[in-house]
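So that we are looking at the same thing, I have put the structure below in structure tokens.
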Amino acid sequence: MASHEHKRVLDAGQDAAALKALTHPLRIRLLGLLRQDGPATASELAARTGESSASTSYHLRVLAKYAFVTEAEHRDGRERRWQAVHTVTSWSNEAMRASEGGRAFVSQSRRRQIEHLEVSVARHEADIDAGRLGTEWLEPSGISDLMPRLTPESLTELRETFGRKLEELTARDAGDPRAAQVVVLTAGLPLAPNAQGPGPGTSATTEADGEDQP
């Protein structure tokens with residue numbers, strides 16, 4: 001979770017143009033890369049995404065127009081560097097459902113998060129195999145897909161409790177040199193009853209050791 005000053009809260013009514021701009025998949029990816037890896041030039045982002053520098057430069061200017069990114073301190077005068085303005089983008093799901101643009105934005109954002117998870121899994125495994133991460137990270141790492149039965153109120157409480165705890169631990173570890181960037185994705189997606197699906201309170205898959213890690 002991010003503190004208020006580091007969070008961009010989008011309003012479905014007032015930010016319709018910004019939502020439309022951010023729905024573009026490359027713009028979402030560029031913003032994510034700047035948030036994850038820090039300031040970069042259009043050329044550097046082009047190399048990471050496989051796009052042309054002209055394309056990334058154009059889309060960065062669009063993101064800047066709607067205050068998602070801004071110019072960063074330049075290393076030299078040759079090329080403009082960009083940085084994300086906020087660490088988190090937030091919104092009301094209920095408010096977004098009221099417009100076609102809002103629904104498209106939420107859908108695109110969720111799918112980009114799934115892509116981010118897939119890339120992060122591959123990067124994590126490669127970093128472990130290459131020794132770039134120590135073995136002390138093996139046990140804490142993992143993905144779980146528990147499927148409890150909860151009320152809307154309980155799901156809200158779960159998400160809020162998780163957010164508060166993450167904020168607390170992030171602040172606690174801020175000055176610890178052992179701390180590493182950790183990709184944390186959470187999902188709470190209620191499903192209508194389906195007789196063909198897993199039973200209530202079960203997990204579709206489990207960790208290799210037979211336990212789901214929270």
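Not measured: the values here are computed from a predicted model.
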Expected list for residues 27-37: side-chain donor-acceptor pairs under 3.5 angstrom, two or more places apart:
from, atom 1, to, atom 2, distance (Å)
R27, NE, H59, ND1, 2.9
R27, NH1, A21, O, 2.9
R27, NH2, H59, ND1, 3.4
R29, NH2, R48, O, 3.4
R35, NE, H86, O, 2.9
R35, NH1, T89, OG1, 3.1
R35, NH2, T89, OG1, 2.6
Q36, OE1, H116, NE2, 2.9

Subject >> Closest approach of L63 to L22 (non-hydrogen atoms, all atoms of both residues) >> reply: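 Looks like CD2-CD1, 3.7 Å.
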**OP:** Nearest 0.5 Å please: distance from the CZ atom of R172 over to the CG atom of L169.
**Re:**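 Separation between the atoms: 5.0 Å.
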**OP:** Taking all non-hydrogen atoms of both residues into account, name the closest pair between A72 and P39 and its distance.
**Re:**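 Taking every non-hydrogen atom into account, CB-CB, 3.9 Å.
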Original post:
What is the minimum heavy-atom distance between A180 and W137, and which atoms define it?
Top reply: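 Minimum heavy-atom contact is CB-CZ2, 3.6 Å.
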**OP:** Report the C-alpha distance between E168 and K165 in whole Å, list the side-chain angles of each, state the deciding distance to 0.1 Å, and finish with yes or no for salt bridge (charged side-chain N to carboxylate O under 4.0 Å, His left out).
**Re:** CA-CA 5 Å; E168 173 193 328; K165 189 62 178 179; 3.2 Å; yes
Subject >> Polar side chain donor-acceptor pair, S55 to S52, under 3.5 angstrom >> reply: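 Short answer, no.
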Original post:
How far does OG of S53 sit from CG of L45, to the nearest 0.5 angstrom?
Top reply: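 Answer for the OG-CG pair, S53 versus L45, is 10.5 Å.
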Original post:
Linking I/L/V/M/F/W/Y whenever any side-chain heavy atoms sit under 4.5 Å apart, do V184 and L138 land together?
Top reply: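 V184 clusters together with L138.
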Subject >> R123, CZ: over 12 other non-hydrogen atoms inside 6.0 angstrom >> reply: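 Not more than 12 within 6.0 Å, no.
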Subject >> Close side-chain approach of L19 to M96, heavy-atom, < 4.5 Å >> reply: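 Heavy-atom side-chain distance check passes, below 4.5 Å.
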**OP:** Taking side-chain contact (heavy atoms from CB on, under 4.5 Å) as the test, write out the residues that go with S107, two or more places apart.
**Re:**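 S107: side-chain contact (heavy atoms from CB on, under 4.5 Å) contacts with R111.
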Subject >> Joint hydrophobic cluster, L10 plus V106, side-chain heavy atoms closer than 4.5 Å >> reply: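 Shared cluster, yes.
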**OP:** Supply the atom-to-atom distance R110 CZ to L185 CG, rounded to the nearest 0.5 angstrom.
**Re:**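 If we round to the nearest 0.5 Å, R110:CZ and L185:CG are 12.5 Å apart.
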Original post:
Just wondering, more than 12 heavy atoms not from E136 lying within 6.0 Å of its CD?
Top reply: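 Enclosed: over 12 neighbouring heavy atoms sit under 6.0 Å from CD of E136.
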Original post:
Would you say P25 and Q108 make side-chain contact, with heavy atoms under 4.5 Å?
Top reply: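 Yes. Closest side-chain heavy atoms under 4.5 Å.
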**OP:** Look up atom OG1 in T151 and atom CZ in R149, then write down how far apart they are to the nearest 0.5 Å.
**Re:**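 Going from OG1 on T151 over to CZ on R149, the span is 11.0 Å.
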Original post:
With a 4.0 Å cut-off, would you call E115 and R112 a salt bridge?
Top reply: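 The answer is yes: the pair qualifies as a salt bridge.
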Subject >> Contact summary for W82 and E71, nearest pair of heavy atoms >> reply: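 So the minimum-distance heavy-atom pair works out to CE3-N, 4.0 Å.
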Subject >> Inter-residue atom distance F68.CZ - Q83.CD, 0.5 Å rounding >> reply: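 With rounding to 0.5 Å, CZ (F68) is 15.5 Å from CD (Q83).
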Original post:
Are V119 and V121 connected in a single hydrophobic cluster, I mean Ile/Leu/Val/Met/Phe/Trp/Tyr linked by side-chain heavy atoms less than 4.5 Å apart?
Top reply: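 Cluster IDs for V121 and V119 differ.
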Original post:
Roughly how far apart are I114 CD1 and L117 CG, rounded to 0.5 Å?
Top reply: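 Spacing of CD1 (I114) from CG (L117) equals 8.0 Å.
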**OP:** Evaluate the criterion salt bridge (charged side-chain N to carboxylate O under 4.0 Å, His left out) for residue pair E94 and R97; output intermediate values, then yes/no.
**Re:** CA-CA 5 Å; E94 184 175 0; R97 288 290 301 171; over 6 Å; no
Original post:
Would you say D15's side chain and A18's backbone share a donor-acceptor pair under 3.5 angstrom?
Top reply: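 No: the side chain of D15 does not pair with the backbone of A18.
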Original post:
In terms of hydrophobic clusters joined by side-chain contacts under 4.5 Å, are L155 and M147 together?
Top reply: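 No, no single cluster joins them.
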Original post:
Would F105 end up clustered with V62 when hydrophobic side chains under 4.5 Å apart are linked, directly or stepwise?
Top reply: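 Yes, it is one cluster - the side chains of F105 and V62 are joined through contacts under 4.5 Å.
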**OP:** List the atom of K7, the atom of S90, and the distance in Å for their closest heavy-atom pair.
**Re:**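 That closest heavy-atom pairing would be CD-CB, 3.7 Å.
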**OP:** Measure across A187 and R159 and return the closest heavy-atom pair with its distance rounded to 0.1 Å.
**Re:**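 Here A187 and R159 meet closest at C-NH1, 4.4 Å.
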